[in-house]
Amino acid sequence: MGMIRRWPVSSSALRSVGYDPQTWTLEVEFESGAVYRYLDVEPLDVEAMFAADSMGAYLNEEIKPHYEAVQVEL
């Protein structure tokens with residue numbers, strides 16, 4: 001899988017977020033610098049995360065429990 005472009009976000013837990021709608025891959029960079037890809041994430045879940053009051057809370061409650069994650073090697 002190639003690079004996914006990420007955009008800075010306003011969040012205390014997340015530094016940047018990107019999404020590839022062709023592969024349904026959500027890429028998240030945490031404030032710690034760790035980068036994870038969440039696989040087969042439905043577009044509606046990504047839209048809901050961006051619209052949430054807390055993107056970090058939405059990620060923890062709705063993305064992490066339901067989608068496989070892989071850490072990206074830097």
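All heavy atoms count here, side chains included; hydrogens, waters and symmetry mates do not. Worth saying up front: this structure is predicted, and the values here are computed from it rather than measured.
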Can you give me the closest heavy-atom contact between [X] and [Y], atom names plus distance?
X: E27; Y: I4; answer: OE2-O, 3.7 Å
X: A69; Y: Y36; answer: CB-CD2, 4.4 Å
X: E62; Y: Y67; answer: O-CE1, 4.1 Å
X: S11; Y: G56; answer: OG-N, 4.2 Å

**Request:** Could you tell me whether the side chains of D53 and Y58 share a donor-acceptor contact shorter than 3.5 Å?
**Result:** no
**Prompt:** Are any non-hydrogen side-chain atoms of R6 and V17 less than 4.5 angstrom apart?
**Reply:** no
**Heavy-atom side-chain proximity of L14 to E29 below 4.5 angstrom** = no
Roughly how far, to the nearest 0.5 Å, is [atom2] of [Y] from [atom1] of [X]?
X: M3; Y: D20; atom1: CE; atom2: CG; answer: 12.0 Å
X: D40; Y: T23; atom1: CG; atom2: OG1; answer: 8.5 Å
X: Y38; Y: D45; atom1: OH; atom2: CG; answer: 13.0 Å
X: H66; Y: E61; atom1: NE2; atom2: CD; answer: 9.5 Å

**Asked** Is the backbone of E31 close enough, under 3.5 Å, to the side chain of R15 for a donor and an acceptor to pair up by distance?
**Response** yes
**Message:** Counting only heavy atoms not in E68 (residues, nucleotides, ligands), do more than 12 fall under 6.0 Å from its CD?
**Reply:** no
Do the side chains of [X] and [Y] join up, straight or via other hydrophobic residues, at under 4.5 Å, putting them in one cluster?
X: V28; Y: F50; value: yes
X: V41; Y: F30; value: yes
X: I63; Y: V9; value: yes

**Item:** side-chain contact (heavy atoms from CB on, under 4.5 Å) between E42 and W24, intermediate numbers included
**Value:** CA-CA 6 Å; E42 296 184 30; W24 284 20; 3.6 Å; yes
**Request:** Output all residues satisfying side-chain hydrogen bond (donor to acceptor under 3.5 Å, both in side chains) with S54, sequence neighbours left out; order by chain, then residue number.
**Result:** none
**Asked** Going through the checks in order, is the side-chain contact (heavy atoms from CB on, under 4.5 Å) test met by V35 and Q71?
**Response** CA-CA 6 Å; V35 177; Q71 187 166 12; over 6 Å; no
